[in-house]
Amino acid sequence: MRFLHFCLAAGMLCLSLGGTLDVQSQETLLLKALGLKARLSPKTLAPVPPLLWKMFQRRSKPGPAHADAKEVQRPCWVEEFQVPGNIIRVFPDQGHFIHSREPQSLLCLQKRLYFNLSALEEDEMLTMAQLEIRFSQNWYQAASPARPFELSLYKATQMALLGMSGHTHSRQMLLEQSFVHLHKSFVFDLTQVAKEWRIPARNLGLILEIGVPPLPEGEFCSGIDSFLEASLFVVSLAPSQCKTPRKRRSTYYVPRITSNVCKPRRLYISFSDVGWENWIIAPQGYLANYCLGECPFPLTEELNSTNHAILQTVVHSLDPEGTPQPCCVPVRLSPISILYYDNDDNVVLRHYEDMVVDECGCR
Ligand SMILES: *[C@@H]1O[C@H](CO)[C@@H](O)[C@H](O)[C@H]1NC(C)=O
Ligand SMILES: *[C@@H]1O[C@H](CO)[C@@H](O)[C@H](O)[C@H]1NC(C)=O
């Protein structure tokens, strides 16, 4: 990903200097570096799920100056779920409520859940899927506190019967759980099911049912209508962007440099300047920096040079025309995370290695 840094730095410099390079091909390069084929254009901007927002904030906190081992982020690893991954997507539910013909008094809620996983690229490895079902309030079965209600989740297995409710052979039970309290949210691990769903024809969604056991009298379903939404958290690993393990950066700030010796220079990349503010939720930009400067003879230790670079400066000093100076390049880079909407209106948190130049060297 060293290439990216040059693109980013060179690209933005050219843009800001109004240079001769075609802005559109610069943008294409930038998008490619972010693992995207084209600029995204989400239609409806759903609110960012609180958990994802929290995860983003955790990742964008500046690390402590003397990084304590606990704070160092393992690359391509999602600490919150303890699984490998560099992309976290939240898929909104696109299923409909099922209205059964015969009134089923004991069934308070019956809904099809559908998550379109087609946003996952073929080479991504799905490592975790977690279903979250949310309610707007804590509902409590006041009439009979000790009486639980049942939450059942089925995997739909046959398209033709989806509209009908009760057919047991068109669905396969995934779980059934009793609750006394209706919590504000329930989470279930659906990793195995979601892996199957990556073959689009196999994804017929889920059926969610919430019911109460028979009771002689009364309306026990009230409160279930506080059902808000269901969403699927999916963690995946795009191997092409998870290669080298890197240390998390320990500082955001690179001091201004006056000398002409190889050093990191300040470069702020603003996503709104490139017109991406409508799909990148956060950050609005970041301090990418770049490397620039001379690698003069004799190379000092601060220039983080290789033996080869030292020899090259010696040869250069003897034969300036025939052999160039070593190059001033990034030798330590650190990652950032970006929160954005994709074209299917999913909210995506994606981790990118090697986005910030921390140190330069003569190579
Ligand atoms: C899933 O999303 C893709 C891409 O947006 C779309 O082409 C496809 O029709 C969707 N599938 C369903 C079943 O909605
Ligand atoms: C070389 O690395 C050291 C720490 O290892 C760092 O302090 C220094 O700034 C680096 N040099 C450059 C030119 O970035």
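In what follows, residues are counted from 1 in the order of the sequence shown. Start at 1 and go down the list; that is how both ligands and their atoms are numbered.
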Ring geometry between Phe271 and Trp276 (parallel below 30°, tilted from 30 to 60°, perpendicular above 60°): parallel

Trace of the side-chain contact (heavy atoms from CB on, under 4.5 Å) decision for Cys291 with Val329: CA-CA 6 Å; Cys291 295; Val329 295; 5.6 Å; no

Sidechain N-carboxylate O distance under 4.0 Å for Glu79, Arg58: no

Glu196 bridged to Lys155 by N-O distance under 4.0 Å: yes

Cys pair Cys328, Cys262: SG separation below 2.5 Å: yes

Shell of residues surrounding ligand 1, defined by a 4.0 angstrom heavy-atom cut-off that is strict: Tyr114, Asn116, Ser118, Asp344

Short side-chain donor-acceptor distance under 3.5 Å, Ser185 and Glu132: yes

